[in-house]
Amino acid sequence: MLASLPAQSDHDTILVRVTRIWEAINKRSGAPIHTNIILLDEKNDHILALVRNNQKAMILPRLKENEVYSITNFKVVPGPTQYKTANNAHAINFYYKTKIEKQADNETIPRYRFELKHFDAVSHLVGNLELLIESAAMVGEKQEQNGAGKRDIVLKDTRNDRMVVTLWEERADQFMELLSKTKPGPISVVITGTTSLSSTDGTRCYFNIDYSPLNALREAWSNTSDAEQAPHAPKEEDFVTTDGSTILELPVNSILDAKIPPGTDVIRFTCRARIVEILNGNGRYYNCRSKCARAIKNVDGRYNCTGCAEDPGNSEQRFRLVVLVEDITATTTLTLFNKEAEQIVGDAPLTAVPATVNNIIGKSYVFQLKVTQYNMTHGCEEYTVTRVSETATIESDGGHLTASTSSKENLPGAPTKKPKLA
């Protein structure tokens, strides 16, 4: 049995069902890192098996999802410490002596096993790198952001609390394809392998399967006395972010991959990230017109304001802060101008790097970003911050998991004056 496998053993035999197979992909290069396989035994214990790229031709043709196999001669090794899909201290590595034989399926081994988390627990797991999030729920509305290959899926539990899971590109397409094959009426689903409620390589969607938590969920909905509380067939809605009225929160890697819809010049997102470095390539101050915060530029020997196209007249210097930030998905560069920069460092003098600037390294913030056509056409991965908050928590808003972004006027360190040019 999987639970009793001794560490470092290599001569045991197990009888297991293959429940899931997927490749882990390097997001920067697009190259496969390895192949993950989840094995499940008759005691409902599961374990992760890893297939290295140089083993794929030898191992993968011999294994298919949902089939039962006896596997002999494998290495029991320490399991991964992050992004785990099976909460097991050990994992299995195959090697050249490994024997795999297909067995008759007598239904003694369950078909599914998930590390399901209740909605109440999910808010504490967002940003947690140890376990990928897996949830069972009823499907509510679907929302689509045009041009970004994304679908936001609204899930509901038995209390009618709501949670949004974001599916990207291939995972979003798979969701819609499988959803189209379901019968009319309320739809239950298990969504696996998400981190910070966003899809990963390991994300799968299972609709209306015969699985006890989903069976119990469907029964609870069928017994509800309030028809208005029961989820109905999902409806299509466009997710609007271009007018600033609704700002979608995304991980950094999704912002890097975002596309601007046709006919739109700017889209806005929020992200939660940690400042890891302060960059100083263009200096920390810039010249601007007194009545306009846009930079003054030298055009044909004349200094013109890029914001109002007027003679700059009286000008002043304002603060600019360029930072390297990261979350669990990627790193990128952000530029904070004037009020947003001074908001997190206070009134900085026109000297070398002040202590208040260095103090922000290692701190986490919620950034509202502006992504422009210039970012897209020039491959410029440096985004302008239009609002910032030091609060980066997840809280419940009427059962809907949301980011809390406090008003910048309430934050400490707001500037009291701006240095003017002599």
Side-chain angles (χ1 to χ4, degrees), residues 17-22 37-40 42 44 46 64-68 85-86 105-122 132-144 150-194 197-237 399-401:
R17 184 187 301 278
V18 175
T19 60
R20 279 178 273 172
I21 302 176
W22 75 95
I37 301 175
I38 300 295
L39 305 176
L40 179 64
E42 64 181 26
N44 206 33
H46 61 175
K64 293 184 179 180
E65 288 188 359
N66 299 318
E67 300 288 351
V68 176
T85 50
D105 186 0
N106 57 13
E107 300 296 336
T108 60
I109 300 178
R111 291 193 172 272
Y112 308 102
R113 164 72 194 279
F114 305 108
E115 300 278 354
L116 297 178
K117 300 295 183 295
H118 293 292
F119 281 19
D120 289 342
V122 168
L132 294 179
I133 300 171
E134 302 186 338
S135 299
M138 305 298 292
V139 180
E141 300 84 6
K142 304 184 306 299
Q143 298 174 321
E144 179 181 9
K150 173 198 74 69
R151 285 192 181 267
D152 285 326
I153 312 301
V154 178
L155 305 178
K156 297 184 178 182
D157 65 6
T158 53
R159 299 173 301 181
N160 210 39
D161 286 344
R162 301 166 71 248
M163 178 174 70
V164 177
V165 174
T166 300
L167 303 180
W168 290 94
E169 297 174 342
E170 183 181 353
R171 301 301 178 269
D173 294 339
Q174 290 171 350
F175 179 93
M176 295 307 299
E177 180 182 357
L178 293 172
L179 183 63
S180 67
K181 299 176 181 178
T182 61
K183 297 179 180 180
I187 300 168
S188 61
V189 66
V190 172
I191 299 182
T192 71
T194 65
L197 299 178
S198 187
S199 62
T200 68
D201 300 323
T203 296
R204 291 282 189 87
C205 300
Y206 299 83
F207 291 94
N208 294 337
I209 58 175
D210 184 13
Y211 183 57
S212 56
L214 276 193
N215 295 341
L217 184 61
R218 287 193 294 268
E219 182 178 358
W221 280 117
S222 65
N223 292 335
T224 182
S225 59
D226 187 352
E228 293 299 320
Q229 294 296 313
H232 300 282
K235 59 182 179 181
E236 296 281 352
E237 293 183 6
H400 187 179
L401 297 181

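Here the structure is a predicted model, which means the values were calculated and not measured.
You'll find the side chain of Tyr211 reaches within 4.5 Å of the side chain of Leu116, heavy atoms only. A 4.5 Å side-chain heavy-atom check between Val122 and Ser135 finds at least one atom pair inside the cut-off. Residues Val18 and Glu67 form no side-chain contact, since every pair of their non-hydrogen atoms from C-beta on lies 4.5 Å or further apart. A 4.5 Å side-chain heavy-atom check between Glu107 and Ile109 finds every atom pair outside the cut-off. Side chains of Ile153 and Cys205 form no contact here, defined as non-hydrogen atoms less than 4.5 Å apart. Side chains of Thr85 and Trp22 form a contact here, defined as non-hydrogen atoms less than 4.5 Å apart. With a 4.5 Å cut-off on side-chain heavy atoms, Thr19 and His46 do not count as touching. With contacts defined as side-chain heavy-atom distances shorter than 4.5 Å, the pair Phe114/Arg204 does not qualify.
A side-chain donor-acceptor contact under 3.5 Å links Lys117 to the backbone of Glu115. In this structure a side-chain-to-backbone donor-acceptor pair under 3.5 Å is present from Glu65 to Ile21. No donor-acceptor distance shorter than 3.5 angstrom exists from the side chain of Ser188 to the backbone of Met138, with no hydrogens or angles considered. Using a distance-only test at 3.5 Å, with no hydrogens or angles considered, no donor-acceptor pair links the side chain of Arg17 to the main chain of Val68. Looking at Arg171, its side chain does come within 3.5 Å of a backbone N or O of Asp201 through a donor-acceptor pair.
To the nearest 0.5 Å, atom OH of residue Tyr112 and atom CG of residue Asn44 are 13.5 Å apart. How far CG of Leu132 is from OG of Ser199: 11.0 Å, rounded to the nearest 0.5 Å. Here the straight-line distance linking atom CD of Glu134 with atom CZ of Arg113 works out to 9.5 Å at 0.5 Å rounding. In this structure, CG on Leu167 lies 10.0 Å from CG on Asp173, to the nearest 0.5 angstrom.
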Checklist entry - How far apart are the C-alpha atoms of Phe175 and Thr203, what are their side-chain angles, what is the distance that settles it, and do they pass the side-chain contact (heavy atoms from CB on, under 4.5 Å) test? => result CA-CA 10 Å; Phe175 179 93; Thr203 296; over 6 Å; no

Checklist entry - Please walk me through it: do Leu39 and Ile37 pass side-chain contact (heavy atoms from CB on, under 4.5 Å)? => result CA-CA 6 Å; Leu39 305 176; Ile37 301 175; 3.7 Å; yes

Next on the checklist: What verdict does the side-chain contact (heavy atoms from CB on, under 4.5 Å) test give for Leu214 and Asn208, after you've listed the backbone C-alpha separation in whole Å, the side-chain angles of each residue and the deciding distance to 0.1 Å?
Outcome noted: CA-CA 7 Å; Leu214 276 193; Asn208 294 337; over 6 Å; no

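Between Leu179 and Thr182, the shortest heavy-atom distance links the atoms O-OG1, 2.7 Å. Residue Ala136 comes nearest to Phe119 through the heavy atom pair O-CE1, 4.4 Å, listed as atom of the first residue, atom of the second, then distance. When all heavy atoms are compared, the tightest approach of Pro110 to Leu40 is O-CD2, 3.3 Å. Between Asn66 and Asp105, the closest heavy-atom pair is O-OD2, 4.4 Å. In plain terms, the two heavy atoms of Ile38 and Ala86 that are nearest each other are CD1-CB, 4.3 Å.
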